[in-house]
Amino acid sequence: MMYRIQFTIAFVFLIVFSAIGQTHLPCGTPPGKSDWLKRYQQNPNQFRNGLDTMIYLPMTVHIVGTNTGAAYYRPDFLMESFCQLNRDFLPSNMQFFLEGEINYIDNSDWYIHSTVIEGADMMNANNVPNTINSYIVNSPAGNAGYNLPHADGVAMGTQFLGFDYHTWTHEIGHNLSVQHTFLGWEGDVYSYNTPTPSEVYYDYTLFKDTLILDTIIIDTAIVEFVPRTNCAVAADGFCDTPPDYVSFRWPCDSDSLGLVKQKDPNGVDFWSDGTNYMSYSYDECQGKFTSDQSDAMRAFIYDRKPGILYNQNPTMGPITSSPDLLFPVGGEDVQFDGTYLRWSSVPNASNYILQVNRLSNFPGNQMLVNRIVTDTSAFVTNLNINWTFHWRVLPYNQVNTCTNFSAVETFNTTILSSLGELETVDHWTVFPSQLTAGNELNVVLENKESIDANLQVYHISGIQVVDQQVQLNSGINDLKVKTDNWASGIYIVTLETPNGTDFKKIIVSD
Ligand SMILES: [Zn+2]
């Protein structure tokens, strides 16, 4: 049974949720079964779920900061959260991979938003098709997280991500069609002292494909009996998830059972099972999807989202070691306004997170560099003079982010009399120091004797554009460097000779 009521305010359940405490916030996903899930549960065996095959699902991660580009969720924390997500989905033979680069969005209104309507705007403006879109914000409409079926995206609060947190897993479960184990009780307060009804009503207005702001859509959920006689049609419609009527976040005992004693409509007592990711138990209670839930999520992908299965060979493989930091190490002196950092490559790693910090425990407010690099070196600029810095590197690939940082190394910043170290070079210039990409760059040196040297040019992001062995003759040498297709930005021209290394900066514009 379903009916519609005209209302001017459609957010009654959101107001109820936002009144609950801060530590264990609820999920803001609009409750309700999709038409697809209803059809699926009438005859699950007619749907392909390919259960024996591991499937790889592309994930676009959007990290939302403030208007000034501050307060982004840290990439190393993202790797921990993503590791936990993949651990949670491994028993379902599903793994997510990081597709494309992280999409950083500067928008204070989305960073802390108060309604899912704003969240829908954020998703409609940024979603990448044929991937699962996750938005990491500070406050997703006062919830720990939510999934919006009509906007097809998941929003997550930074406080509810990380190792041993399962809210992301829960919201992705929603995104793949699975509902709460207590479906129908959302926004309702169960009481043992009142007779348990055989039906409950829930609002699933926002579950529809469009936002109908002045219409509340109410549906009926049949209340599930303890003996499972009506499990196929009651609550979430899965017979391997036991009855559960508790719609606020709850702690569990050592058997992962809830502390709230409940009775079904026939008066049979029970306590909720806290192990399910789709219940409202605290994170430490949770640890599984049931096989019926897994089957439904996989069938949903094959039936409704086959386009996201486009890459079943993402960059993966175990990462069992950490990089060795090669330079600079042991507190050695480097040039204060620009230095290379180099580390060893790690098998199966495609990316590295490089961090440079004032302190050895790497707090966020002392972080000078927190950058994702695809190479095993990077150029770091604008460091303060006469400081000690700590640095470390985290390897990962598209699937495997359960990795460990390298050991921490240190360096000091100073003014190196680097020109003096190029003993055989009288002087060298690079011109023009500001040029347009495509024009020729001149490197001119006057040399005392013939030597072999190495000329390298790096974009300040660490991307190398020139790596060239050069023979320098005694006298004046004029080296021409092509700059076709160089991206705009600051570049560092480095000359490495047997007698020392020196660098100069240039600026390239489009
Ligand atoms: Zn939920």
Side-chain angles (χ1 to χ4, degrees), residues 11-21 23-34 36-37 81 84-85 88-89 92 115-116 119-120 123 132-137 139-157 159-161 165-190 200 202-208 219 221 224 235-238 241 243-250 252 258 272-283 285-290 292-294 296-297 300:
F11 302 111
V12 178
F13 67 93
L14 289 176
I15 293 162
V16 171
F17 284 173
S18 62
I20 299 170
T23 334
H24 292 277
L25 292 181
C27 154
T29 299
K33 287 187 194 176
S34 64
W36 181 86
L37 186 62
S81 309
Q84 185 67 54
L85 181 72
D88 291 351
F89 273 89
S92 304
T115 69
V116 296
M123 292 169 185
I132 292 176
N133 286 275
S134 292
Y135 293 80
I136 300 177
V137 304
S139 176
N143 303 290
Y146 61 76
N147 171 66
L148 286 188
H150 56 270
D152 200 11
V154 161
M156 280 301 308
Q159 285 173 282
F160 302 91
L161 288 164
Y165 285 87
H166 305 291
T167 301
W168 203 2
T169 300
H170 174 108
E171 300 304 341
I172 296 292
H174 282 316
N175 190 263
L176 300 177
S177 85
V178 175
Q179 288 302 305
H180 292 147
T181 51
F182 53 93
L183 181 67
W185 292 91
E186 287 89 350
D188 225 334
V189 179
Y190 170 82
V200 283
Y202 59 91
D203 174 340
Y204 82 131
T205 307
L206 298 176
F207 202 76
K208 301 304 284 182
D219 209 347
E224 190 169 5
D236 63 0
F238 295 119
T241 62
D244 176 16
Y245 311 153
V246 188
S247 61
F248 54 87
R249 301 296 308 268
W250 48 272
C252 61
S272 295
D273 169 22
T275 61
N276 201 287
Y277 294 129
M278 301 313 291
S279 75
Y280 260 4
S281 61
Y282 287 178
D283 294 87
C285 311
Q286 298 185 355
K288 74 169 188 210
F289 288 112
T290 65
D292 285 357
Q293 289 172 323
S294 295
M297 290 191 287
F300 179 77

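Small disclaimer: the values here were computed from a predicted structure and weren't measured. Both counts, for ligands and for their atoms, begin at 1 and track the order of listing.
By the 30° and 60° cut-offs, the orientation of the rings of Tyr280 relative to His180 is tilted.
Summarising the local packing, CZ of Phe89 is surrounded by more than 12 heavy atoms from other residues, nucleotides or ligands at distances under 6.0 Å.
If you check the side chains of Asp292 and Thr290, you find no donor sitting under 3.5 Å from an acceptor.
Thr241 meets the side-chain hydrogen bond (donor to acceptor under 3.5 Å, both in side chains) test with Asp236; sequence neighbours excluded. Partners of Asn276 by side-chain hydrogen bond (donor to acceptor under 3.5 Å, both in side chains), not counting sequence neighbours, listed by chain and number: Gln293. With sequence neighbours left out, Thr167 forms a side-chain hydrogen bond (donor to acceptor under 3.5 Å, both in side chains) with no residue at all.
Around the Zn ion (ligand 1), protein N, O or S atoms at less than 2.8 Å comprise Cys27 SG, His170 NE2, His174 NE2, His180 NE2.
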